[in-house]
Amino acid sequence: MKVSVVIPSYKVKKFVLEVISQIGQEVDRIYVVDDCCPEHSGQYVKDQCQDKRIKVVFHEVNQGVGGAVSTGYKAALADGMDVVVKVDGDGQMDPTLIPKFIQPIIDGQADYTKGNRFFNIDDASDMPKVRFFGNIALSFLTKVSSGYWKSFDPTNGYTAISTKVLSLINIDKVSKDYFFESDMLYRLGIYRAKVVDIPMLAKYEDEESNLKIKKIFFLFLKKNIHNFNRRIVYSYFMRDFSAASVELLAGTFAFFFGVIFGAYHWGASSSSGIPATSGTVMISGLSIIIGLQLLLSFLNYDIGNVPKETLHTKLKDL
């Protein structure tokens, strides 16, 4: 298989050549995407790097890390690559791990692999505390929105993807900012692609991350809620309709009916001073309990509904 690497290049001039030098011969093409970098890091690579695998692409306007990766993905598809790896240019990701990321795809065991810095909790101890707890919160949100309940560390940008699966995704619609990786998981989930986490150790030295958890948390929350709603509609009502769909509908109706019915009669009782009847209380309480049970049953089904078969092996003849 032809393997390529995409390196978004923005304010990484100090590190990018070292990152490139560590990329092994298993890689056939390296795309460095200069995202209108104020340090002109793309031209710097073009002038200083003699690696013949390098292809530098320039953005006239800054598009964000997601936009840079999207440009690299399009270049890899145009050049007929089979696997595309994304590695940051700031030195936090070890390029010597690339074989571990591409092997599950080559072996037909995964469609998409991504790094997981939390596989060994001792390895994650060097992560700044704000980023550590922020990533845990973001991981839960992305689990809910994407349906990949067994995946972790969604903002980890060390990824690899089969181009057969990548070609199914409308790259132009994927979020261009730091939500890119989480949005990719949502879109992969819609196509039922198999995702595998790869344990890794991030390196934190004197590089400065452009990702600020405090600034992007509520943006991620909003976008994850949006993706969750779309995933539920696509997965359980448009592409399939199962017992889980009925549980979701009935559970939601029963729960909110119980809450609204109970709140209405509680308000009426408070105003009139006349206690609500036991039957009224039972209707409200029973509706809420049944609704919660149905919703928990749906959640249990959704957690177990994680894609287990690779998609790109089924697309070989297409």
Side-chain angles (χ1 to χ4, degrees), residues 118 121 129-130 132-155 173 175 179 182-193 195 213-308:
F118 296 90
I121 198 65
K129 299 306 179 185
V130 172
F132 178 83
F133 290 108
N135 272 287
I136 290 178
L138 294 178
S139 290
F140 178 75
L141 291 176
T142 303
K143 285 172 183 282
V144 175
S145 68
S146 67
Y148 288 106
W149 290 93
K150 296 181 180 180
S151 211
F152 211 75
D153 197 12
T155 59
K173 289 188 176 182
S175 183
F179 192 66
S182 297
D183 205 20
M184 278 293 294
L185 285 174
Y186 154 73
R187 296 176 189 279
L188 289 166
I190 293 298
Y191 286 103
R192 304 284 301 165
V195 174
I213 296 293
K214 293 180 180 179
K215 292 183 178 180
I216 56 88
F217 179 80
F218 288 103
L219 175 64
F220 272 48
L221 176 62
K222 178 182 176 181
K223 291 188 174 185
N224 273 306
I225 291 174
H226 179 64
N227 280 354
F228 169 74
N229 291 331
R230 289 195 296 176
R231 177 175 76 85
I232 294 301
V233 172
Y234 292 158
S235 300
Y236 290 99
F237 298 103
M238 293 180 63
R239 292 191 172 181
D240 191 18
F241 191 88
S242 63
S245 308
V246 176
E247 289 173 341
L248 177 60
L249 285 174
T252 302
F253 174 80
F255 177 78
F256 284 104
F257 170 79
V259 171
I260 295 171
F261 182 83
Y264 171 78
H265 283 281
W266 177 81
S269 177
S270 297
S271 300
S272 65
I274 301 174
T277 65
S278 58
T280 299
V281 175
M282 183 176 293
I283 290 174
S284 175
L286 190 60
S287 295
I288 293 173
I289 292 172
I290 291 175
L292 284 174
Q293 289 295 325
L294 288 171
L295 291 175
L296 287 173
S297 180
F298 166 77
L299 179 62
N300 183 61
Y301 177 90
D302 192 50
I303 292 173
N305 198 32
V306 176
K308 299 178 178 64

Problem set entry | Set of residues satisfying salt bridge (charged side-chain N to carboxylate O under 4.0 Å, His left out) with respect to Lys223, sequence neighbours excluded | Asp177
Exercise. Got a sec: does the CZ of Phe241 have more than 12 other heavy atoms crowding it under 6.0 Å?
Worked result: yes
Problem set entry | Taking every non-hydrogen atom, the tightest pair across Ser235 and Ile190 | OG-CD1, 4.4 Å
Exercise. Taking the side chain from Ser271 and the backbone from Gly267, do they hold a donor-acceptor pair closer than 3.5 Å?
Worked result: yes
For this session: Using a cut-off of 6.0 Å, state whether more than 12 heavy atoms not belonging to Lys150 lie near its atom NZ.
Result: no
Problem set entry | CG-CZ distance between Asp153 and Phe118, expressed to the nearest 0.5 angstrom | 5.0 Å
Exercise. Between atom CZ of Phe140 and atom OG of Ser145, what is the distance when rounded to the nearest 0.5 Å?
Worked result: 10.5 Å
Exercise. If you measure from OG1 on Thr252 to CZ on Phe257, what distance do you get to the nearest 0.5 Å?
Worked result: 15.0 Å
Exercise. Do Tyr148 and Pro307 come close enough that some side-chain heavy atom pair is under 4.5 Å?
Worked result: yes
Exercise. Going from OH on Tyr234 to CG on Asp240, what distance comes out if it is rounded to the nearest 0.5 angstrom?
Worked result: 16.0 Å
Please tabulate, for the side chains in residues 280-290, all donor-acceptor contacts under 3.5 angstrom to protein atoms that are two or more places apart in sequence or on a different chain.
unit_1, atom_1, unit_2, atom_2, d
Thr280, OG1, Thr277, OG1, 2.9
Ser284, OG, Gly258, O, 2.8
Ser287, OG, Ile283, O, 2.7

Exercise. Under 30°, 30 to 60°, or over 60°: which ring-plane class applies to His265 and Phe261, parallel, tilted or perpendicular?
Worked result: tilted
Problem set entry | Approximate separation, where rounding is to 0.5 Å, of His226 NE2 and Asp183 CG | 8.5 Å
Exercise. With a 4.5 Å limit on heavy-atom distance, are the side chains of Phe298 and Leu294 in contact?
Worked result: no
Exercise. With a cut-off of under 6.0 Å to the ring centre and 45° to the axis, is Arg187 in cation-pi contact with Phe179?
Worked result: no
Exercise. Taking everything shown except Phe237 itself, do over 12 heavy atoms lie less than 6.0 Å from its CZ?
Worked result: yes
Problem set entry | Among Asn227, Ile225, Asn224, the one residue meeting side chain to side chain contact (heavy atoms under 4.5 Å, CB included) with Leu141 | Asn224
Problem set entry | Donor-acceptor under 3.5 Å (Tyr301 side chain, Glu247 main chain) | no
Exercise. Does the salt bridge (Lys or Arg N to Asp or Glu O under 4.0 Å) test come out yes or no for Arg231 and Asp302, once each step is laid out?
Worked result: CA-CA 11 Å; Arg231 177 175 76 85; Asp302 192 50; 3.0 Å; yes
For this session: Output yes when a side-chain donor or acceptor of Lys143 lies under 3.5 Å from a complementary backbone atom of Phe152, and no otherwise.
Result: no
Exercise. Once you round to the nearest 0.5 Å, how far does OG of Ser297 lie from CG of Leu248?
Worked result: 11.0 Å
Exercise. Sub-3.5 Å donor-acceptor pair from the side chain of Ser245 to the main-chain atoms of Ser242, do we have one?
Worked result: yes
Problem set entry | Side chains of Ser182 and Leu138 in contact at under 4.5 Å (non-hydrogen atoms) | no
